[in-house]
Chemist: 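Here's a structure for you.
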Amino acid sequence: MEYTVKIDAFEGPLDLLLHLIKKLEIDIYDIPVAEITDQYLDFIHQMQRLELDIASEYLVMAATLIAMKSRMLLPKPELPDEDADESYEDPEETREALMQQLIDYRRYKEAAEELRTNETERMQLFSKLPSDLSRYASNDTTPIPVSGRATIHDMLKAFQRMMIRKRLEAPLDTKIARQVLPIGRQMNEMIGTLRRAGRPVSFDSFFQYRDRTSVVVTFLALLELMKKNVIYCIQKTNFADIMIGLGEGADEFEAGTDAFNY
Amino acid sequence: MRSIIEGLLYLTGEEGLMVDQIKGVIPDCSEHEIRNMVEKMKKDNLDNESSGLMIVDLPGGYRLTTKPFMAAYAEKFTAIPKTAPLSQAALETVAIIAYKQPISRIAIEEVRGVKSERAIQTLMTKGLIKEVGRAEGTGRAILYGITSVFLDYFGLHTLDELPPLLDAAIHPNEQLDAFDLFYDKYKETVKDL
Amino acid sequence: MRSIIEGLLYLTGEEGLMVDQIKGVIPDCSEHEIRNMVEKMKKDNLDNESSGLMIVDLPGGYRLTTKPFMAAYAEKFTAIPKTAPLSQAALETVAIIAYKQPISRIAIEEVRGVKSERAIQTLMTKGLIKEVGRAEGTGRAILYGITSVFLDYFGLHTLDELPPLLDAAIHPNEQLDAFDLFYDKYKETVKDL
């Protein structure tokens, strides 16, 4: 028989035995000890020849199988020998125990396979990070619940997510940073956004690309538009979002796209 | 009510939205009404081919996720670190724990026929299992049980939804009682992870 | 196409989704087609009274957000005692302070890329951070550091027990493994207390 599988493809001697039983089309409820022992030892030898590390569990199982096979070849004692140093181990009982162990293990292995399906399905599903709801919180002075405290793990996970988030925020095409961003075009872009929104838009939302050039150009465009009364800015309270809306001068404004290049 | 639940599902995202929390926000609604409504929303989302979103069950609540077909696109856009699937060893180990909890390491190793220390370690750090007590007698071996993270990880609402074992040697009722005993503790674990 | 855009809008959440990013995912679509589609989705969402979400414009893109009426419910939601006591924002901020103290608000915001006033406020009121001095030079910005409440809260004896911060930006997964290793030790420590 050719073995194309490596030993680390198995989760231990029971897994290997189940593989052999399946391959040899043996009835798990009636395992031929001699045959399964030979096949098992063959496999182990093959692995040894390939100089693979074989975990001690595999060798223990090999020893058990050999002991069982050899006892089966011996005649059964007529009467229990009470003077014997070792009590007689009935190979039939050993076989029965091994069979039970294999059946038991196979059940969990099959359950694990079903869980694998669940896992795979679950990994296809993605969610967003929870929104920051702190702006809705009326007060932050609620004491920390002792039972539900965060752990270092939570903190570091949060940190890691932040790093991923920042990577996602970076512009997809980094060449953009090197391009000249015409302020005129940026001004038109902003007016377009405000018109489409039909209501004031937050200051922050204009600064989606965080590279230096686009931040500077966007900010200059904002200042220019404010000077020309095309837009207005309001901030209701300290630290509240600054809201930007279209001003009186918006209708007649038209920036030349080549104006104010930087 | 439907719009409120949708809004809250959006805001809570990956964290998920508990039925209790919905009740806190809409006190006039019974748990039954909430559950019926979400089931309806779930179905509508699935039926609606022009929607890329769906609602999945969590223990005690729900979570809004993208549909499976979105996976290829979604990976690039989520800020949530992707985890590697469990190793075969860890998967077998967690299956044994789920069906036989509370269970000691030695008992797990008897079933698997191999050392399972590392698999248990992995499962602990992933928060899928936790220590639920100590065995009687000498040694007082640590006993392990699953957490609600386990249920979430495998997309199960309750432990009842575990696939039945082939030759059912475990009595389902015993299993349930054991689960109830731990349930409160699970909740704490999840909070601690 | 509509379902893909919806899914991506959900995943990007508050960050928003750029038209360029949509084009990157659906290369066959022109910017014009994308804009038309989103305009239609926008309208449908507004008209649909059973939806709590709407799409708003950003420069160069769009963002999915809750409808204005949701503010009252979001407020109610935040008033419910939470299972997760610190928000993602607060956890990020306290992590940065723990590793980089003494540090000013501006420096924290540079790392996070977003305003952090509220998060700092929250951490101050919970006693996890405190003012530890003033920066040199103009402005003399307030510098923040962690407190002994922080150590207690996160189950540390000394600051030395904080796991080393690897290059998280480059190797997010390795980073998590390092956390996992640390977490084991941390749990053992806690157990002994």
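The model shown is predicted, which means the values in this text are computed figures rather than measured ones. No hydrogens, no waters, no symmetry mates; every other heavy atom, side chains included, goes into these values. Chain naming here is simple, since letters A, B, ... match the order of the sequence lines and numbering starts at 1 in each.
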Chemist: Pick one of side chain, backbone, both or neither for B:Leu11, based on which atoms fall under 4.5 Å of a heavy atom in chain A.
Modeler: both
Chemist: So B:Tyr153 and A:Arg122, side-chain contact (heavy atoms from CB on, under 4.5 Å) or not? Walk me through it.
Modeler: CA-CA 7 Å; B:Tyr153 186 86; A:Arg122 199 63 164 176; over 6 Å; no
Chemist: With a 3.5 Å distance limit and no angle check, can you tell me whether A:Glu57 reaches the backbone of B:Lys115 through a side-chain donor-acceptor pair?
Modeler: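 Between the backbone of B:Lys115 and the side chain of A:Glu57 there is a qualifying donor-acceptor contact (under 3.5 Å).
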Chemist: Heavy-atom distances under 4.5 Å only: say whether B:Phe69 touches chain A with side chain, backbone, both or neither.
Modeler: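 Neither the backbone nor the side chain of B:Phe69 comes within 4.5 Å of chain A.
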Chemist: Is any side-chain heavy atom of B:Pro85 closer than 4.5 Å to a side-chain heavy atom of A:Arg116?
Modeler: yes
Chemist: Treating A:Glu114 as the side-chain partner and B:Pro164 as the backbone partner, does any N or O pair qualify as donor plus acceptor under 3.5 Å?
Modeler: no
Chemist: Side chain from CB out, backbone as N, CA, C, O: work out which of these in B:Thr93 comes under 4.5 Å of a heavy atom of chain A, or both, or neither.
Modeler: neither
Chemist: Verify side-chain contact (heavy atoms from CB on, under 4.5 Å) between B:Leu162 and A:Leu115, making sure each step is shown before the conclusion.
Modeler: CA-CA 8 Å; B:Leu162 268 183; A:Leu115 288 178; 4.0 Å; yes
Chemist: Report the distance from atom CD of A:Gln101 to atom CD of B:Glu110, rounding to the nearest 0.5 Å.
Modeler: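 Result: 8.0 Å between the selected atoms.
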Chemist: Which of the residues B:Val94, B:Asp152, B:Leu64 is involved in the greatest number of heavy-atom pairs with chain A at under 4.5 angstrom?
Modeler: B:Asp152
Chemist: Distance check, rounded to the nearest 0.5 Å: A:Glu113 atom CD versus B:Leu91 atom CG?
Modeler: 9.0 Å
Chemist: Any donor-acceptor pair under 3.5 Å linking the side-chain atoms of B:Glu92 with those of A:Tyr108?
Modeler: no
Chemist: Give a yes or no on whether the backbone of A:Glu11 and the side-chain of B:Gln88 come within a donor-acceptor separation of less than 3.5 Å.
Modeler: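 No, because the side chain of B:Gln88 does not come within donor-acceptor range (under 3.5 Å) of the backbone of A:Glu11.
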Chemist: If every non-hydrogen atom of B:Thr65 is compared with every non-hydrogen atom of A:Ser127, which pair is closest and at what distance?
Modeler: CG2-OG, 3.4 Å
Chemist: Between A:Lys128 and B:Glu14, does any NZ, NE, NH1 or NH2 come within less than 4.0 Å of an OD or OE carboxylate oxygen?
Modeler: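 The answer is no: the pair does not qualify as a salt bridge.
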Chemist: Which answer fits B:Leu156, side chain, backbone, both or neither, if we ask what part of it has an atom under 4.5 Å from a heavy atom of chain A?
Modeler: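 For B:Leu156, side-chain heavy atoms alone lie under 4.5 Å from chain A.
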Chemist: Please state whether the side chain, the backbone, both or neither of B:Lys67 comes within less than 4.5 Å of a heavy atom of chain A.
Modeler: backbone
Chemist: Check this for me: does any side-chain nitrogen of one of B:Arg112 and A:Asp15 sit under 4.0 Å from a carboxylate oxygen of the other?
Modeler: no
Chemist: Between A:Leu125, A:Leu129, A:Leu102, A:Thr120, who has the most heavy-atom pairs with chain B when the cutoff is under 4.5 Å?
Modeler: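 Top count of heavy-atom pairs under 4.5 Å with chain B: A:Leu125.
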Chemist: Is B:Ala84 in contact with chain A via its backbone, its side chain, both, or neither, using a 4.5 Å heavy-atom distance?
Modeler: backbone
Chemist: CZ of B:Arg35: more than 12 outside heavy atoms within 6.0 angstrom?
Modeler: yes
